[in-house]
Amino acid sequence: MRHSYSPKILPHREKEIEELARILVSAIKGETPSNVFVYGKTGTGKTAVITHVGRALVRKVGGKIFSGQNAEQHHLGKTNPVFFIYMNCEMIDTQYRLLSKLAEYLGQSVPLTGWPTDKVYEMFFSALDDSEKLVIVVLDEIDKLLRKGSDDILYSLTRINSDLKKAKVSVIGISNDLNFIDFLDPRVRSSLGEEEIIFAPYDALQLIDILNQRVSEAFAEGSLEEDVIPLCAAFAAQEHGDARRALDLLRMAAELAERENSLRVRTKHVKISKEKIETDRVVEVIKTLPTQSKLVLYSVLFLEKYGMTNITTGETYNTYRELARKSSIDILTQRRVSDLISELDMLGILNSAVISKGRYGRSKEIKLATPHVYLKKILDDDARLSRIANYVPPMQHRLG
DNA sequence: AATCCACAGGAAGCCCGGGAAC
DNA sequence: GTTCCCGGGCTTCCTGTGGATT
């Protein structure tokens, strides 16, 4: 049931598999496949489809598969070998890291840092071109790459073929943000987008099929209550058809049922799991917030706790200053705190909306979107905030 | 209709840490 | 090691504004 498991059958992705296979099949004929751009939201099976097709190709013609720390070798066939390289740009997010990783996969050793980038490129290039082969580079979350400005590597990679004598390179770029393509250098865009495959979100019925297929491998007959799978599917369908989410739900529900010694997984387990997944996410976000943001949250929490409604930025800021002083934390400007409030809003931890109170100015109206008890417990875990855990605000605050 | 509050939120620039280049 | 550059967090300064009140 875990994401790392990749099933042999991918329901409702036949069309995409077919299309990708059509593009990559030219490798069997000894030609260089077009570059491909793949778009789709998280949990729509992009990575699964691509590795599936890539593996099949390498099995057929021989070559190697690289992914993370793993390498898998297959015996050579009649045509040139295929090196299938999967990389996630979330970790490998600079030119240097990308190139050194590529060079490493091709058998070179490059230090983690220290060399000029063009030297690493040289290493990579010579290792690449020392024998006849096709290298398919999969760049997952490719949008992370140019977020940090350096998309020249994409440029070099997509037109490297004209400089190569023996080897050939195809690039498969994966993104879950379609707008990303607008920010791309036009030359890269046209070359990367020679072929495009779009992964539409799964609908509830398709999610049911996916779950059923996994369930047949992972669960004993009759261990699920009848409505369990449809419910998981329905919840996940609300989340832009994320199959990963559906599987998480089912897995957590099963774990819960097991812990309760329940004979079957019931819909209530699914419902509880859904709550838990959501709160876990919020807890994680709040825990990892910078102290200043936590302090801002704390301020809103205080104001609400003492019965204030329609909390404004100014009121929040005054409380914030008081709390920051009490806990010897640097006091930021109201301008900055205003931005922090907006960020917390974006994260869904609180709600803020700009409203006008006529003669009494314009401000954000702020209220928490997270249960108080909860919030306080998490915030009090932060040692830097311990001094204000039992702080009682002065009278004027309580009057509202 | 004019006023004016209490901010929103843009622009420019400072500081600092980290990584690349030399 | 040193220098350079970059981005993020932050401050300073600023202009803009919806609508109750005058």
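In what follows, chains carry the letters A, B, and so on, assigned in the order in which the sequence lines appear, proteins first and then strands, with residues in each chain numbered from 1. What you see below is based on every heavy atom in this structure, not just the backbone, and it leaves out hydrogens, waters and symmetry mates.
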Could you tell me the separation between the [atom1] atom of [X] and the [atom2] atom of [N], rounded to a whole number of Å?
X      : N      : atom1 : atom2 : result
A:D339 : C:dC10 : CG    : P     : 10 Å
A:Y317 : C:dC10 : OH    : P     : 12 Å
A:R321 : C:dT11 : CZ    : C1'   : 15 Å
A:K364 : C:dG18 : NZ    : C1'   : 16 Å
A:R359 : C:dG18 : CZ    : C1'   : 13 Å
A:I341 : B:dA6  : CD1   : C1'   : 13 Å
A:R336 : C:dC14 : CZ    : C1'   : 18 Å
A:I355 : B:dG9  : CD1   : P     : 13 Å

Quick check: are there more than 12 heavy atoms from other residues, nucleotides or ligands sitting under 6.0 Å from CD of A:E343? yes
Give a yes or no on whether A:R264 atom CZ has more than 12 heavy-atom contacts from other residues, nucleotides or ligands under 6.0 Å away. yes
Is NZ or CZ of A:K133 both nearer than 6.0 Å to the six-membered ring centre of A:F83 and within 45° of the ring axis? yes
Looking only at the side chains, is there a donor atom on one of [X] and [Y] sitting less than 3.5 Å from an acceptor on the other?
X      : Y      : result
A:E255 : A:H269 : no
A:T44  : A:H240 : no
A:K367 : A:S352 : no
A:Y39  : A:N176 : no
A:Y298 : A:D382 : no

A:I331 near the nucleic acid: base, sugar-phosphate alone, or nothing, with a heavy-atom cut-off under 4.0 Å? sugar-phosphate
N/O (side chain, [X]) to phosphate O (OP1/OP2, [N]) under 4.0 Å:
X      : N      : result
A:T313 : B:dA8  : yes
A:K357 : C:dG19 : no
A:S338 : B:dG9  : no

Students should find that the hydrophobic cluster of A:L256, defined by side-chain heavy atoms under 4.5 Å apart, otherwise consists of A:I272
With 3.5 Å as the limit, what N/O pairs link the protein to nucleotides 15-17 of chain C?
unit_1 : atom_1 : unit_2 : atom_2 : d
C:dT17 : O2     : A:R362 : NE     : 3.2

Base contacts versus sugar-phosphate-only contacts with protein, heavy atoms under 4.0 Å: please encode nucleotides 11-17 of chain B as B, S and - from 5' to 3'. -------
Contacts of A:G358 and A:V354 projected onto DNA chain B by closest heavy atom; the upstream (5') one is A:G358
Given B:dG9, C:dT11, C:dA20, which nucleotide is nearest the side-chain atoms of A:Y360? C:dA20
